[in-house]
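Source: prediction; values computed, not measured. Residue numbering restarts at 1 for every chain, and letters A, B, ... go by the order of the sequence lines.
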Amino acid sequence: MGKSIQMDISSDYQNDQPLIEHSKSIVHLDVDCFYAQVETVRSPELRGQPLGVQQKNLVVTSNYEARSYGIKKCMSVEDALHLCPNLILIRGEDLTPYRRMSAKISELLHQFTPLVEKLGLDENFIDVTSVVNEYATNISNQSRSSHNDQNTIQHESSFALHDKQSFKPIGEIFSHSEEECPCGCHTRLAVASKIAMDMRNKILNELGLTCSAGIAHNKLLAKLGGALNKPNKQTVVYPCSAAQLLSSLGSVSKIPGVGRRTAESLTANNILTVVDVRKTPLERLQVKIGKELARKIKDYAEGIDDAPVKPSGKPQSIGLEDGFKKVSLVDEVESRLSALLRRLTELAAEDGRIPICIKLTVRKQDSLSKPSFSTGKRESRQCALPQHLIPSNKGTNRGHVYDHLKILTLVMKLFHRVVNVSKPFHLTLLGLAFTKFQEEKSLGKCSIASFLRKQVAVQSVMDISSEEGFSDTSLGSPMSINQQERSDCEEDNDEEFRENKDFRNKVQFQSYSCHRIRGLDRATPSPSDIRCSGEDDEDILSEIEPSPKKTKLEVWLSGRRESPSNEMADLRLNTPSSSPISKNLLQTGPTAFKSTIPVDLDKQVNHSWPANTSNKKPNDIFKYFIANK
DNA sequence: CCGGGAATCT
DNA sequence: AGATTCC
């Protein structure tokens with residue numbers, strides 16, 4: 001017991017956070033019927049009419065006019081049209097417009113704070129703790145001196161927060177709490193609710209979208225709270241109402257993180273409601289769903305959630321999928337993959353980063369008893385993009401050049417690895433994704449790794465120690481060999497090292513064999529095999545090779561480069577740092593605050609907290625805020 | 001043809 | 001590489 005308290009304290013200090021119970025302020029923002037709203041912005045003449053967004057044979061979302069006819073999410077087109085013959089349907093398979101809008105929303109939210117976590121395209125968690133605290137700090141500073149020498153907000157009129165009880169949040173409140181929490185969170189959440197309103201106003205004014213929002217001291221409650229009043233509304237959940245909110249959910253499947261699978265496990269144990277979870281001992285719970293999940297669900301059932309808002313940044317992978325009834329011919333596979341690859345390279349070009357790893361996904365039709373019911377599981381294969389297929393922007397200032405045919409050939413190699421085409425096959429889905437990218441800010445010019453990279457860049461494209469030297473013993477069982485050789489090299493490729501095998505050999509890296517894939521390639525020549533002849537073919541035999549194991553030198557080199565973890569280390573040590581993250585944080589200081597919290601917020605707060613600057617003693621409100629700084 | 005992604009954990 | 005979850 002004493003031990004855990006000790007740990008709690010130390011971790012709080014490490015995070016530079018005070019020992020206040022509900023110290024954080026989290027906003028969950030959810031754009032109302034996102035796809036439908038985006039389509040309405042694109043085609044304003046659609047406003048007011050029942051509108052659905054269609055993907056394949058599904059209406060994946062619809063506006064509220066359509067919902068009034070009883071149309072639900074993911075309803076079939078037929079059913080939807082039956083309910084509402086006038087329903088306007090717009091194709092939404094191409095997510096580009098939604099991605100773009102999502103990026104605009106992210107950008108807008110980043111004006112408030114860098115602590116923005118995306119959940120899908122239309123939801124965001126925003127940790128506004130520091131925004132709330134800065135707001136109070138600024139007020140506090142002003143109450144001490146009439147003129148600001150600091151770079152803080154210059155308010156038209158000075159005012160102070162001298163009356164905590166009269167401050168009420170904007171929007172709805174879940175349940176009416178009898179008493180204020182002694183930690184001061186009610187006041188902080190009230191400020192947060194005004195910030196949430198401001199975010200929503202900005203999104204409406206600048207992007208034309210309405211949102212719903214939840215405001216609470218953790219992500220769980222913010223998300224659940226935001227769903228209580230929709231659309232275009234916001235809801236504050238106080239910590240003291242957490243248990244009540246969770247109880248009111250009823251079914252366990254309403255708990256975020258409890259999907260179909262976990263719900264099934266719980267149901268099988270007669271654990272149906274959130275209250276059931278609460279009554280079930282942890283020991284019994286973790287038998288069924290695993291230790292970590294059980295612990296999390298138990299906490300959730302009480303409204304407890306310590307998870308931080310994790311800034312999202314760029315996606316870790318960029319992918320595309322194409323679902324269909326049935327594809328059984330290699331030629332059709334190739335043409336579909338070709339189309340996917342075209343779009344994928346466009347997406348990657350838009351993203352700007354350079355991909356170094358590609359993954360192919362297939363879904364095989366369930367050949368067992370029920371063809372219609374059970375959709376086959378997905379299987380995937382990935383490999384590093386060989387150096388000479390990694391796009392470069394040499395010669396062109398804009399965009400990177402992809403060698404479509406060669407990459408397609410590589411993708412077909414992956415396909416043959418995952419599908420045995422010598423036997424009949426029935427696929428219902430093909431997917432392609434880039435799953436790794438070169439380091440964004442690349443290495444400093446003085447970095448050794450950078451030097452090496454430049455050196456090797458001019459060397460031969462293909463020199464993996466002659467394939468002739470290897471036997472074809474792997475032909476029969478590629479997977480077993482795969483495992484054998486990959487057993488302890490889960491960490492893939494760093495581009496510096498794939499680029500020159502010569503270099504690797506010279507410094508006596510543990511060399512890796514490259515014969516594993518040969519048998520596969522010869523098994524069934526595909527059209528691409530034929531088209532991509534001669535040296536290219538030999539080229540690709542080696543390219544599909546999984547990435548080499550990390551060596552000590554490689555580890556050392558990768559440690560040299562600027563990496564997120566290094567940046568975080570800087571932050572933890574609280575050292576002055578020139579890292580981008582640190583700069584970013586600094587930028588969200590008073591200046592950013594001023595520019596993003598408009599006057600009307602000030603007015604609202606000012607109104608709720610009448611100025612009382614004269615001779616009241618330091619008020620209670622201050623300490624809540626100041627303690628948080 | 002129950003969509004098309006993306007993240008996390010194992 | 002797969003399973004699961006989320007939207």
Side-chain angles (χ1 to χ4, degrees), chain A residues 28-35 52-61 72-80 91-99 102 117-125 219-220 223 226-227 253-265 289-293 296-297 307 310-327 336 340 343-344 347 351 357 359-366 371-383 414 417-418 426-435 478-479 482-483 486-487 490 492 546:
Chain A
H28 177 258
L29 261 189
D30 181 348
V31 182
D32 303 318
C33 53
F34 181 58
Y35 289 2
V53 177
Q54 177 180 3
Q55 284 174 341
K56 294 291 158 44
N57 201 29
L58 286 182
V59 179
V60 291
T61 193
K72 308 287 185 193
K73 273 184 96 173
C74 290
M75 181 177 273
S76 81
V77 169
E78 274 194 13
D79 293 349
R91 285 279 171 173
E93 280 101 351
D94 183 357
L95 302 185
T96 304
Y98 315 130
R99 282 203 194 91
S102 182
E117 177 180 344
K118 273 175 70 137
L119 194 57
L121 293 180
D122 70 322
E123 291 187 23
N124 284 283
F125 289 104
K219 295 206 300 184
L220 173 71
K223 181 172 167 66
S253 53
K254 299 284 180 49
I255 301 177
V258 176
R260 193 173 58 92
R261 225 72 204 195
T262 308
E264 279 172 10
S265 296
I289 62 177
K291 195 171 181 196
E292 278 314 293
L293 187 56
K296 202 167 85 170
I297 300 300
K310 201 186 144 221
S312 292
K314 295 231 187 171
Q316 297 174 18
S317 67
I318 300 177
L320 289 168
E321 291 178 350
D322 186 8
F324 35 76
K325 196 183 244 173
K326 188 202 286 190
V327 165
R336 286 183 182 273
L340 281 175
R343 286 206 286 149
L344 182 60
L347 278 181
D351 179 277
C357 214
K359 175 165 82 169
L360 169 73
T361 302
V362 306
R363 187 177 58 203
K364 296 171 175 169
Q365 191 180 70
D366 204 299
S372 64
F373 175 62
S374 176
T375 59
K377 292 155 206 153
R378 296 157 93 97
E379 294 174 63
S380 67
R381 296 292 183 272
Q382 68 177 303
C383 71
L414 288 175
R417 249 217 275 173
V418 73
H426 314 284
L427 306 182
T428 61
L429 178 141
L430 286 168
L432 268 190
F434 289 132
T435 56
M479 285 316 290
N482 192 4
Q483 282 166 10
R486 291 271 294 168
S487 58
E490 298 309 320
D492 278 7

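A donor-acceptor pair under 3.5 Å links the side-chain atoms of A/Ser102 to the main chain of A/Leu121, judged by distance alone. A donor-acceptor pair under 3.5 Å links the side-chain atoms of A/Lys314 to the main chain of A/Asp351, judged by distance alone.
Contact annotation: the side chain of A/Val362 approaches that of A/Leu430 to within less than 4.5 Å [non-hydrogen atoms, C-beta and beyond]. A/Tyr98 places none of its side-chain heavy atoms less than 4.5 Å from the side chain of A/Val31.
Taking atom CZ of residue A/Phe125 and atom P of nucleotide C/dC7, one finds them 9 Å apart after rounding to whole Å. Rounded to whole Å, atom P of B/dG5 lies 17 Å from atom CG of A/Leu119. What separates CD of A/Glu123 from C1' of B/dA6 is a distance of 13 Å, to the nearest Å. One atom, CG of A/Asn57, and another, P of B/dG3, lie 8 Å apart when rounded to the nearest Å. Here C/dC6 presents its C1' atom at 11 Å from NZ of A/Lys296, a figure rounded to the nearest Å. Going from atom NZ of A/Lys326 over to atom P of B/dC2 covers 13 Å, rounded to whole Å. Rounding to whole angstrom units, NZ of residue A/Lys310 and P of B/dA6 are separated by 15 Å. B/dG3 atom P lies 16 Å from atom CG of A/Leu320, rounded to whole Å.
Side-chain proximity of A/Tyr35 to B/dG3, C/dG2, C/dA1: nearest is B/dG3. Which of B/dC2, C/dG2, B/dG4 sits closest to the side chain of A/Leu58 comes down to B/dC2. Considering only side-chain atoms of A/Lys73, the nucleotide from C/dT5, C/dC7, C/dA3 that sits closest is C/dC7. The side chain of A/Asp122 lies closest to C/dC7 when the candidates are C/dC7, B/dA7, B/dT10.
Across all strands shown, A/Ile255 has heavy atoms under 4.0 Å from sugar-phosphate atoms exclusively, and none from any base. Nucleic acid contact class of A/Gly259 (heavy atoms, under 4.0 Å, all strands): sugar-phosphate only. As judged by a 4.0 angstrom heavy-atom cut-off over every strand, A/Ile318 is placed among residues touching the sugar-phosphate backbone only.
For the pair A/Lys223 and C/dC7, the criterion of a side-chain N or O lying under 4.0 Å from OP1 or OP2 is met. Taking only side-chain nitrogens and oxygens, A/Arg363 never comes nearer than 4.0 Å to OP1 or OP2 of C/dG2. Not one side-chain nitrogen or oxygen of A/Arg260 sits closer than 4.0 Å to the OP1 or OP2 atom of C/dT4. Side-chain N/O atoms of A/Ser380 include one lying less than 4.0 angstrom from OP1 or OP2 on C/dG2. In terms of phosphate contacts, A/Lys56 brings no side-chain nitrogen or oxygen within less than 4.0 Å of OP1 or OP2 of B/dC2. The phosphate of B/dT8 has OP1 or OP2 within less than 4.0 Å of a side-chain N or O from A/Gln316. Residue A/Thr61 places no side-chain N or O under 4.0 Å from the OP1 or OP2 atom of C/dC7. Between A/Thr262 and the phosphate of C/dT5, there is a side-chain N or O to OP1/OP2 separation shorter than 4.0 Å.
The 5' end of DNA chain B is approached more closely, in terms of each residue's nearest nucleotide, by A/Val60 than by the other of A/Val60 and A/Gly319. Heavy-atom distances to DNA chain B give each of A/Lys325 and A/Asp322 a nearest nucleotide, and the one nearer the 5′ end belongs to A/Lys325.
Donor-acceptor pairing under 3.5 Å is recorded for the side chains of A/Gln382 and A/Thr435.
Separating the P atom of C/dC7 from that of B/dC1 is a span of 27 Å, rounded to the nearest Å.
Partner of A/Glu117 under the side-chain hydrogen bond (donor to acceptor under 3.5 Å, both in side chains) criterion, chosen from A/His28, A/Lys219, A/Lys310: A/Lys219.
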